[in-house]
Protein chains: 2
Amino acid sequence: MSGNRYRVLELAVLGLLHETPMHGYELRKRLNALLGTFRAFGYGSLYPCLKDLLGLGLIAEEQPEGPAGPARQRSGRRSKIVYRLTADGKERLQDLLAESGPAAWEDDGFGVHFAFFGQTRADIRLRILEGRRSRLEERLDGVRAAMARTRERLDSYTLELHRHGLESVEREVRWLNELIASERESGSVPPPPSARHAENGTSADSHPG
Amino acid sequence: MSGNRYRVLELAVLGLLHETPMHGYELRKRLNALLGTFRAFGYGSLYPCLKDLLGLGLIAEEQPEGPAGPARQRSGRRSKIVYRLTADGKERLQDLLAESGPAAWEDDGFGVHFAFFGQTRADIRLRILEGRRSRLEERLDGVRAAMARTRERLDSYTLELHRHGLESVEREVRWLNELIASERESGSVPPPPSARHAENGTSADSHPG
DNA sequence: GTTAGCATGTAAGGAGTTACATGATTTT
DNA sequence: AAAATCATGTAACTCCTTACATGCTAAC
């Protein structure tokens, strides 16, 4: 009943439910629309996750409090179960959004964390973007070194695969460079002297364009 | 002991051992060099896989047949276990290389299959490339539709994520277009008799932008 | 009156990953 | 003698995925 797995789903669900309460089916559609090309979840992933989050008390079934008493919504279609964030859930969401370590910049987590940058503090955003850039640059170094070592015995298809792979990663690095520059430009974030962030309110309006 | 999981690893291991026998540690390095940016495996993945393939009789420990009898190689470092492909393993490898369905063009499998295109029949190569292109175009359609539906409630970060994601996929489609054109040019592949397409090869250049 | 879409779930398993444990050999 | 690298392995776990099972409601 307790014991939460679901690192990506947890943030996505809490983040979406923070905007507005929803039932599972709709949540899944918004989820996949949110994550776009990065990821797609089926019901078989979402519902067990909702069950867990419910068990942990991070979300709760919304009781519509009609005059006829607290019955599940039978007005629309089938009796839907509308979930909302609890106080614990909000706290948990804030913790997840404050994450700026590997969980937020590795392949798995980066997409979701980025998708919720609008709700993320400016200094955290910057740390995640920079963390991911470092990660990708490490990967570039590793692959380039490996290629140099084994260059002679790779056939043309393998070389082409590598070329395309490297180009993709380089392209993402350039994208991150632009985002980082844009984050810095939009003021409010002094390059962290030690860890100190200035209090600013305009955290979410800065998109690169 | 039997029962093979490991869809990606199996092909990669058999394909590499087809070139030359190797021990696990070296295999892992060549594996990661081969797959480049696409994937990286640790020993915890490779060794159990080798155990399975051994159990299935697809690979075998190479006996060096020294004059002192069949002992494990103690010449180099620690007693290495050098694996080689068996006859069954070669057959299995041919089956895997002949695969041209979803397993070969989905995200997971495509990289490995492509890496071994040098050992793959020309018509199979073409089918895999076209299959992947279709898959990506479906994905583009799906995401663009989803974006159109929920455009208004996405913030600028989410939009930026989608823009970058779409661009990445579009870029891969263009790459596939070039590869497919190049495969057709290099002769030897008559367009499959049943699936008839108009006599221009440039069917897929329709990317917006 | 039947398909298509809405809506919720479970059981079993996939394809690895992480952390740990061990020891030999070469380099510094 | 210490550190790095070579070399092999296991147990427990992860984070979903696939296939299945169910039923309601709107549209054709």
Side-chain angles (χ1 to χ4, degrees), chain A residues 1-13 21-32 35 38-55 59 61-62 72-83 102-103 106-109 111-112 145 149, chain B residues 1-13 21-32 35 38-55 59 61-62 72-83 102-103 106-112 145-146 149:
Chain A
M1 189 169 288
S2 63
N4 189 27
R5 298 98 101 252
Y6 309 117
R7 282 217 276 261
V8 169
L9 265 177
E10 182 181 16
L11 172 53
V13 166
M22 256 177 289
H23 55 98
Y25 191 87
E26 194 188 348
L27 194 50
R28 184 226 179 203
K29 280 190 306 184
R30 300 261 285 120
L31 199 60
N32 291 333
L35 297 179
F38 275 92
R39 234 158 173 331
F41 292 99
Y43 302 115
S45 309
L46 178 59
Y47 286 117
C49 175
L50 287 172
K51 197 178 166 187
D52 272 18
L53 296 178
L54 196 62
I59 62 177
E61 293 188 28
E62 183 145 88
R72 283 185 183 170
Q73 295 170 326
R74 305 193 175 279
S75 54
R77 301 211 160 72
R78 175 188 187 171
S79 73
K80 300 177 194 174
I81 303 173
V82 175
Y83 295 100
E106 289 295 328
D107 287 341
D108 278 359
V112 219
R149 259 184 271 114
Chain B
M1 186 170 289
S2 63
N4 188 28
R5 297 96 102 254
Y6 308 118
R7 281 218 275 263
V8 168
L9 266 177
E10 181 181 19
L11 172 53
V13 167
M22 256 177 290
H23 56 97
Y25 191 86
E26 194 186 348
L27 195 49
R28 185 225 178 205
K29 279 190 308 184
R30 300 262 284 121
L31 200 59
N32 291 333
L35 297 178
F38 276 92
R39 232 156 175 334
F41 292 99
Y43 302 115
S45 309
L46 179 59
Y47 285 116
C49 175
L50 287 171
K51 198 178 165 187
D52 271 19
L53 296 177
L54 197 62
I59 61 177
E61 293 189 28
E62 182 146 89
R72 282 186 184 168
Q73 294 172 329
R74 306 193 175 278
S75 54
R77 301 208 161 74
R78 174 190 186 170
S79 75
K80 300 177 195 174
I81 304 174
V82 176
Y83 294 100
E106 289 295 327
D107 287 342
D108 278 358
F110 178 72
V112 219
R149 257 184 272 116

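Both backbone and side-chain heavy atoms feed into the values below; hydrogens, waters and symmetry mates do not. Reminder, nothing fancy here: chain letters follow the sequence lines and each chain counts from 1.
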Taking the minimum atom-to-atom distance to the side chain of [X], which one of [options] wins?
X	options	result
A:His23	C:dT8, D:dT10, D:dT8	C:dT8
A:Val8	C:dT10, D:dC16, D:dA7	D:dC16
A:Lys51	D:dC16, D:dG9, C:dT10	C:dT10
A:Lys80	C:dA7, C:dG16, D:dA7	C:dA7
A:Leu9	D:dT10, C:dG9, D:dC16	D:dC16

Roughly how many Å is it from [atom1] in [X] to [atom2] in [N], rounded to a whole number?
X	N	atom1	atom2	value
B:Asn32	C:dG16	CG	C1'	14 Å
B:Glu10	C:dA15	CD	P	10 Å
B:Leu31	D:dA7	CG	C1'	16 Å
A:Ile81	D:dC24	CD1	P	15 Å

With sugar-phosphate meaning primed atoms plus P, OP1 and OP2, does B:Gly24 contact a base, only sugar-phosphate, or nothing at under 4.0 Å between heavy atoms? sugar-phosphate

Is there a side-chain polar atom (N or O) of [X] under 4.0 Å from OP1 or OP2 of [N]?
X	N	result
B:Tyr43	D:dT8	no
A:Arg28	C:dT8	no
A:Arg7	D:dC16	no
A:Tyr25	C:dC6	yes

Checking the side chain of B:Asp108 only, and the main-chain atoms of B:Ala103 only, is there a donor and an acceptor separated by less than 3.5 Å? no

